[in-house]
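Written out below as structure tokens is the structure these notes cover.
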Amino acid sequence: AMGNGAMGGSTSRKHQYRQDLLTRLRSVMIRNMAKPEEVVVQVDEDGNVVREMQKDTEVIAQYKMMRETLVYLTHLDYDDTEAIMLEKLEAQVNPEGSAWSWNNLNTLCWAIGSISGAMSEEEEKRFLVTVIKDLLSLCEEKRGKDNKAVIASNIMYVVGQYPRFLRAHWKFLKTVVNKLFEFMHELHPGVQDMACETFLKIAQKCKRKFVTVQQNETQPFIMELADMIPSIIIALEPHQVHTFYEAAACMLSERAIPGVDPEMRNASLMKLLTGPGPQESGYSMAFPNQTWSAIMGQARHTEGESLKTAETARELQKFLKTNQRVCSAVGPLYVVELGRIYHDLMNVYTVYADTQKVMVDTQGEISTHNSLFKQLRSVKKETLRLLDTFIDKSEDNELVLTKFVPPLLDPILGDYVRSIAPARDPEVLSLFTCLINKLQAAMTADVPRVFEAVFKCTLDMVTTNFEDFPDHRSNLFNLLRAINHHCFPALLTDQSNFTLIIESIKWAFKHTERNVAETGLHTLLELLQNVRNSQAHVLNAFYQSYYLGLLQDVFSVLTDTLHKPGFKLQAMILAHLFMAVESGAITAPLWPQDGSVTCTSNPQYLRELLLQMFTTSFPNLAQPLLTRTIQLMFENSQDQAAFKQHLRDFLVQLKEFGETFGEELQRQEDLDSKATELRKRQEAVPGLINPHARQDLDMSDM
């Protein structure tokens, strides 16, 4: 039922609506618009303008519903929506009017931001030129700290919702960005946070505009920005500075831009981080590399002793967090910066690891609660996160393998294995998971060393119960999955280690934490696929050692009401195990060779074993039914859909599950299907998806 606006055209259905009622409905929706999630400045119950501390999920849900409704109303008659909004805006900026209020301005601007994408580009231009000019004018005219904060939050929300307009109009874009820099000096709660977040959003969507020379400009904005940094961020908190630098770096993230010298990107990045002038002797949050150089200079002068203070550790944390955000935004280009600091970075990691070891040796486990210990640990964690981000973003695997991997193995692995359990950082596991996922088979030679250093000691930490060390728990099984997926040959080098791996996979898929259980099931399925593709002697040796135990344990979780979410993967694994027998892929006997069992084939043995197991476990089911059930499991093992349906029917028959089990599985599948359909419907209607969730970067308008 789309009318004019971006959808274009008209339908007979549209004319069935009473236009006067739709006009009233639009006005009511705009007047009562709920607050979007992006707005963090709000008016509390006492009428004070404050920083929102906690998201109201009900308000967010209401906004999404109202936003969708208003988008449809806009498509039905864009001109009417625009007229209502501009009339209400005029009432706000009219100095002689009495309509001005925080609530009226808020709801209007929230509504204006919510229809982004629901109009044509020409309509959007006509509309926003008026809106932005009026809001900027209102910000200049109104006095009072709270008034400024409310108007600022609305300007930032509106401009953040219209990246297409900003890309097409450099004058407005530059004006808006400079206004954001002004708001970064506004000490009213929430305004600075929102200014930094909006700057990041705009940088992500308009990046090309900032690195090319625009009309009436003499240099790219990014170079101008670097000179302005100290005056811009002087009033920002550290976390806001990190966001600011991420936004600035984001402008440099796109490569192969026509008319842009690649060397300019390198120079711009270094200027952002180092500054244009001589380095200062003290610490400076304005240019991170000046902080780093000052700290390294003092460390060399004091033979590392100056590093071991809480103040230095705090400054290093800020430096590393900024660099991690820059690396995340700028991508592979960051290799220039990391290469410059890498040697010293690993030295700092080693000094802090050794200092922690001394503290633990002299004071015991209680030292891990010491404030200095925590500060040192935070620096190590931030180092690991930075390396993780760099490796993930890098596009030169050979460079990572030859230049960055060797120097980190000894400091990081050695520290992890030597540390007591409470002092081990789970980020170490994440880093090596990232490395293996990135470099894949090229890491196979290093896997035994990694495995020896981190696997056994971490497994001891997480297998005492299902609660302690939750981050280590999930990270360890992610690492195991990565090793199995990319470096499977490395797992076959030691039989005792391989048995430990199988037992740890079983521990994982028996876990009550859904993510851990699913990782365990995924790992087992991928391991079985690797075994299937291995040489015959490897396949037979594997199944002779582990087939019966795996079969029993997977059936155990399948029939356990605590592990219903894993049904799909459990079914895939069982189908794989049944198929391995039914197809004759396993040529070695699976039954005991001690003479206790008289059998002629694996299919026969498995049928008898399963019948015995099911008869004992499910005495309420008749033996002929169980025999038929087992037979169908083997017959359907080549057809995943048929096997899963048969398995579901079998579970429904069990007394423990009752009829609700099948209904729950069907409900989950229906939810997944509805989510896919909803996304398709939203993509088909311009404006229904938030502009920052859309891939709308048309290079022609950048």
Side-chain angles (χ1 to χ4, degrees), residues 455 459 463 476-477 480-481 483-485 488 491-492 494-512 516-534 536-560 562-593 597 599 601-614 616-617 629-630 633-634 636-638 640 643-644 646-647 650-651:
F455 192 78
L459 200 61
T463 52
L476 177 67
F477 294 120
L480 178 57
R481 184 181 180 187
I483 293 173
N484 170 67
H485 191 71
F488 178 69
L491 300 182
L492 302 176
D494 188 310
Q495 180 62 34
S496 61
N497 279 346
F498 197 81
T499 299
L500 188 63
I501 290 167
I502 298 299
E503 291 305 312
S504 67
I505 290 174
K506 290 181 181 180
W507 177 268
F509 69 64
K510 291 177 182 178
H511 208 285
T512 51
V516 174
E518 285 190 356
T519 301
L521 292 169
H522 276 297
T523 305
L524 176 56
L525 182 60
E526 291 162 2
L527 179 68
L528 295 177
Q529 292 166 346
N530 286 334
V531 169
R532 180 183 60 193
N533 298 326
S534 300
H537 73 278
V538 172
L539 182 147
N540 282 308
F542 171 82
Y543 280 124
Q544 278 189 308
S545 298
Y546 307 114
Y547 187 98
L548 299 181
L550 287 172
L551 187 70
Q552 185 169 354
D553 284 335
V554 174
F555 265 115
S556 175
V557 294
L558 177 76
T559 54
D560 180 349
L562 297 174
H563 295 88
K564 289 181 185 178
F567 171 74
K568 181 179 179 181
L569 286 168
Q570 294 159 4
M572 293 174 71
I573 290 168
L574 287 174
H576 193 106
L577 291 173
F578 279 107
M579 184 60 189
V581 168
E582 191 71 358
S583 67
I586 305 173
T587 57
L590 297 177
W591 63 90
Q593 298 300 294
V597 175
C599 197
S601 70
N602 286 329
Q604 176 196 351
Y605 174 66
L606 262 297
R607 283 169 169 80
E608 293 175 358
L609 182 68
L610 286 169
L611 181 60
Q612 179 183 350
M613 188 171 74
F614 286 175
T616 303
S617 301
T629 296
I630 294 167
M633 286 180 183
F634 280 97
N636 291 330
S637 59
Q638 296 185 64
Q640 282 288 342
F643 184 87
K644 188 170 71 169
H646 174 61
L647 206 58
F650 169 61
L651 291 174

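Of the possible donor and acceptor atoms, none in the side chain of Asn530 sits under 3.5 Å from a partner among the backbone N and O of Phe488. Distance alone, capped at 3.5 Å, is enough to place a donor-acceptor pair between the Asn602 side chain and the Leu590 backbone. With hydrogens and angles ignored, the 3.5 Å screen pairs a side-chain donor or acceptor of Thr616 with a backbone N or O of Gln612.
Considering all non-hydrogen atoms of both residues, Pro603 and Glu582 come closest at CB-OE1, 4.3 Å.
Within the 4.5 Å cutoff, no side-chain heavy atoms of Leu491 are placed close to those of Asn497.
Within 6.0 Å of the CD atom in Gln638, the count of heavy atoms belonging to other residues, nucleotides or ligands does not exceed 12.
Partners of Phe614 according to the ring pair (Phe, Tyr, Trp, His ring centres under 6.0 Å) rule, which considers only residues two or more places apart in sequence or in another chain, are Phe555, Phe618, Phe650.
Leu528 CG to Asn484 CG: the interatomic distance, rounded to the nearest 0.5 Å, is 9.0 Å. Within the model, atoms CD1 of Ile586 and CG of Leu606 stand 7.5 Å from one another, a figure rounded to the nearest 0.5 Å. We find the CD-CZ distance between Gln604 and Arg607 to be 9.5 Å, quoted to the nearest 0.5 Å. Here CE of Met613 is found 14.0 Å from CD of Glu608. Values are rounded to the nearest 0.5 Å.
Using cut-offs of 30° and 60° for the angle between ring planes, the Tyr546 and Phe542 rings count as tilted.
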